[in-house]
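What you see is a predicted model; the values in this text were computed from it and never measured.
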Amino acid sequence: GFKMFKKILVAMDLSAFGTEVFATALNLATLHQAHLLLLHVLSPEEDNSPLPIPSNLRDIYPAQGNDFTLSQWRQEWQDFEQEGINTLQAEQKSAEKAGVSADYEQIYGNPAKTICRVAKNNDIDLIVIGRRGRSGISELMMGSVSNYVLHHAPCSVLIVQPRKVGG
């Protein structure tokens with residue numbers, strides 16, 4: 001028989017492409033009358049996240065007091081977290097406008113492992129995740145998130161491909 005997806009997990013990021021991934025998941029949720037769980041994993045690997053804090057902060061900024069650098073870094077992370085929450089809340093509203101119930105979670109951690117863990121703990125039927133079109137080494141690093149999820153997820157996985165421009 002045809003498998004119905006009752007609970008769909010959307011693996012979010014804050015890129016423009018993330019909007020396309022969300023739109024795809026929302027269409028599916030509407031079709032299946034499913035519940036959406038919007039998940040944003042806070043990770044230094046994400047494109048627009050502040051860099052992870054260097055452990056050798058003192059070596060890098062020996063001249064200034066470290067407090068300045070540290071508080072600046074903290075502020076950047078707080079802005080990044082806030083941007084994540086704002087995006088999730090906006091998408092939750094879009095979903096509810098479309099008649100789809102949605103929750104959201106923002107968790108700090110390893111994106112690939114966190115996505116799989118959240119899916120398992122929430123009895124998710126389908127994970128919708130974007131594959132970032134990249135080349136070379138960064139493709140190996142970031143392509144590995146959707147790749148890991150594909151091989152370790154407790155459920156079906158839909159990988160949304162970026163549209164080829166002019167193709």
For this session: Tell me yes or no: between the side chains of Q89 and Y104, is some donor less than 3.5 Å from an acceptor?
Result: yes
Exercise. Would you say E96 has more than 12 foreign heavy atoms packed within less than 6.0 Å of its CD?
Worked result: yes
Seminar exercise, completed: Interatomic distance, CG@D125 vs NZ@K7, rounded to 0.5 Å, equals 8.0 Å
Exercise. Does Q106 offer a backbone N or O that forms a donor-acceptor pair with the side chain of H40 under 3.5 Å?
Worked result: no
For this session: Could you tell me whether the side chain of L39 reaches within less than 4.5 Å of the side chain of M12, counting heavy atoms only?
Result: no
Problem set entry | Closest contact, heavy atoms only, V41 versus P111 | CG1-CA, 3.7 Å
Exercise. Mind checking whether L126 and C155 have side chains closer than 4.5 Å, heavy atoms only?
Worked result: no
Exercise. Once the angle between the rings of H32 and F5 is folded into 0 to 90°, is it parallel (under 30°), tilted (30 to 60°) or perpendicular (over 60°)?
Worked result: tilted
Seminar exercise, completed: Heavy-atom closest pair (S49 atom, W77 atom, distance to 0.1 Å) is CB-CH2, 4.5 Å
Problem set entry | Over all atoms of both residues, closest heavy-atom pair of A34 and V100 | O-CG1, 3.5 Å
For this session: Quick one: which residue pairs count as a salt bridge (charged side-chain N to carboxylate O under 4.0 Å, His left out) with a foot in residues 17-28, not counting sequence neighbours?
Result: E20-R163
Seminar exercise, completed: To the nearest 0.5 Å, atom CG of L26 lies from atom NZ of K97 at 11.5 Å
Problem set entry | Min side-chain heavy-atom separation L158-L28 under 4.5 Å | yes
Exercise. Side-chain contact, heavy-atom cut-off 4.5 Å: D79 with E76?
Worked result: no
Problem set entry | I129 side, atom CD1; D13 side, atom CG - distance, nearest 0.5 Å | 9.0 Å
Exercise. Taking it one step at a time, do I124 and I8 satisfy side chain to side chain contact (heavy atoms under 4.5 Å, CB included)?
Worked result: CA-CA 6 Å; I124 295 294; I8 299 176; 5.8 Å; no
Exercise. Just by modelled atom types, is the L37 backbone N or O under 3.5 Å from a matching donor or acceptor in the D103 side chain?
Worked result: no
Problem set entry | Student check: side-chain heavy atoms of L42 and E81 closer than 4.5 Å | yes
Exercise. Quick one: does F22's side chain get under 4.5 Å of T87's, heavy atoms only?
Worked result: no
Seminar exercise, completed: Here the pair of heavy atoms bringing S43 nearest to G109 is CB-O, 3.4 Å
For this session: Find out whether K6 and M4 are in side-chain contact, i.e. whether some heavy atom of one side chain is under 4.5 Å from a heavy atom of the other.
Result: yes
Seminar exercise, completed: When every non-hydrogen atom of I127 is compared with those of A153, the smallest separation belongs to CD1-CB, 3.8 Å
Exercise. Hey, what do you get for OG (S146) to CD (Q161), rounding to the nearest 0.5 Å?
Worked result: 8.0 Å
Mind listing the side-chain donor-acceptor pairs of residues 115-123 below 3.5 Å, one per line with the distance, residues two or more places apart or on another chain?
| from | atom 1 | to | atom 2 | distance (Å) |
| --- | --- | --- | --- | --- |
| N122 | ND2 | V118 | O | 2.8 |

Exercise. Looking only at heavy atoms, what is the nearest atom pair of S101 and H35, with distance?
Worked result: OG-ND1, 2.6 Å
Exercise. Relative to each other, are the rings of Y148 and H152 parallel, tilted or perpendicular (30° and 60° limits)?
Worked result: parallel
Exercise. To the nearest 0.5 Å, how far apart are CG in L36 and CD in E91?
Worked result: 9.5 Å
Exercise. Rounded to the nearest 0.5 Å, how far does CG of L150 lie from OG of S156?
Worked result: 10.5 Å
